[in-house]
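In what follows, a single structure is set out as structure tokens and then discussed.
Whatever order the structure lists them in is the order used to number ligands and atoms, beginning at 1.
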Amino acid sequence: MPIKNRLAEMHDEITGWRRDIHQHPEILYDTHRTSALVAEKLNEFGCDEVVTGIGRTGVVGVIRGKSDTRGRVIGLRADMDALPMQEQTGLDYASEIPNAMHACGHDGHTAMVLGAAKYLAETRNFDGTAIVIFQPAEEGGNGAEAMCKDGLMDRFGIQEVYAMHNVPGVPTGQFAIRSGSLLAAADEFDIHLEGRGGHAAKPHQTIDTTVMLSQLIVALQTIVSRNADPILQAVLSVTSVETSSKAFNVIPQSARIRGTVRTHSNELRDLIEQRLKEVSEGTAATLGGSVNVTYSRGVPVTINAEAQTGYAAEAAVSVGGSCIEAPMVMGGEDFSFMLEERPGAFIVLGNGDSAGLHHPEYNFNDEIIPIGCSWFAEMVERRMPAA
Ligand SMILES: [Zn+2]
Ligand SMILES: [Zn+2]
């Protein structure tokens with residue numbers, strides 16, 4: 001079955017929702033307008049239940065099929081939040097909010113799951129229950145985790161969960177997926193070095209944190225190059241360096257190094273966290289200083305379950321004609337929290353030749369709306385075929 005006719009008919013209407021959301025972007029958990037709009041639409045479509053306030057501003061809609069003989073429940077997830085950046089698209093529906101922009105296409109994801117919800121509520125051509133999930137704070141706020149902690153999976157009895165992200169640079173409407181690790185775990189580190197400050201002309205009376213931080217930055221490079229199995233993918237980037245001195249003639253008392261670690265396996269994630277602490281402590285001790293390392297775990301590795309990846313790819317082929325193998329990416333995605341709780345899959349859909357994600361000129365491609373909506377609807381109809 002290609003694109004569903006009813007969804008093709010709804011293309012203009014769904015595009016209207018998408019542009020409305022685009023014009024009113026909201027950051028992290030402050031998706032009040034968007035959440036209200038989503039809840040209003042879901043009620044209007046005749047969803048059997050609409051629940052707000054899950055994971056603070058998350059919204060859930062329940063759509064029961066014509067029958068429910070096997071107790072099957074499938075979740076479809078969209079993200080609603082925008083990014084704190086200034087839009088430079090010049091579109092007539094560009095962001096009205098300074099320093100807020102839908103630069104990751106979550107406006108499109110929300111509109112597509114809404115479109116699928118409208119179709120599913122109208123047709124109900126499945127045996128079981130579809131749960132549409134709209135989460136806040138995907139961009140660095142772990143909104144998916146907040147919804148899971150609020151009992152999302154158990155409360156609605158979700159058995160499998162699916163999500164989609166658009167990808168610029170991949171041909172318009174081309175699906176891609178891979179089984180296993182697709183996106184990386186994204187962690188943060190913050191290292192505080194402490195020495196003894198003093199006069200720059202009397203280094204022998206100080207413990208110089210600038211020498212400590214220089215050696216540490218180089219030593220940290222050996223974790224990925226010398227400790228990590230070269231077959232496994234990992235990145236460790238130092239991104240911010242500062243010292244407590246702003247003067248040219250003062251040796252600083254303290255220094256701070258921050259950065260990020262990206263990994264595609266939990267074993268490697270544990271190893272890098274451990275080595276980061278050991279290398280920092282060893283380097284500081286060698287030079288007579290002390291160190292305090294904070295390692296903050298962000299989103300986990302996005303791991304697509306094998307069977308569900310197969311179902312997602314079959315639905316993609318049926319809707320779009322083909323589904324190619326996606327490469328592993330070092331970016332992170334907080335849908336991974338949902339995939340830690342239930343088997344499921346994250347698929348990507350080509351946004352065509354647009355500016356990249358998180359770029360001030362990026363825009364979601366409205367042409368892919370019917371195909372994305374059809375895939376979500378198809379997942380429900382295929383995994384829970386009508387009795
Ligand atoms: Zn993003
Ligand atoms: Zn995104």
Exercise for the section: Have a look at His165 and say which of its N, O or S atoms is nearest the Zn ion (ligand 2). Expected result: NE2

Practice task
Look only at the side chain of Glu341 and the backbone of Phe337, and say whether a donor-acceptor pair between them is shorter than 3.5 Å.
Solution key: no

Exercise for the section: Answer yes or no on whether Arg56 is positioned over the face of Tyr29, meaning its NZ or CZ is under 6.0 Å from the six-membered ring centre and within 45° of the axis. Expected result: yes

Problem - Any Trp17 side-chain heavy atom under 4.5 Å of Glu13 side chain - result: yes

Handout entry: Side chains of Asp79 and Phe335 in contact at under 4.5 Å (non-hydrogen atoms)
Key = no

Handout entry: For the Zn ion (ligand 1), the closest N/O/S atom belonging to Glu139
Key = OE2

Exercise for the section: Examine Glu138 and say whether one of its N/O/S atoms is closer to the Zn ion (ligand 1) than 2.8 Å. Expected result: no

Practice task
Please state whether the separation between the Zn ion (ligand 1) and some N/O/S atom of His106 is under 2.8 Å?
Solution key: no

Handout entry: N, O or S of Cys104 under 2.8 Å from the Zn ion (ligand 2)
Key = yes

Exercise for the section: Please check if any side-chain donor atom of Gln135 sits under 3.5 Å from a side-chain acceptor atom of Arg77, or the reverse. Expected result: yes

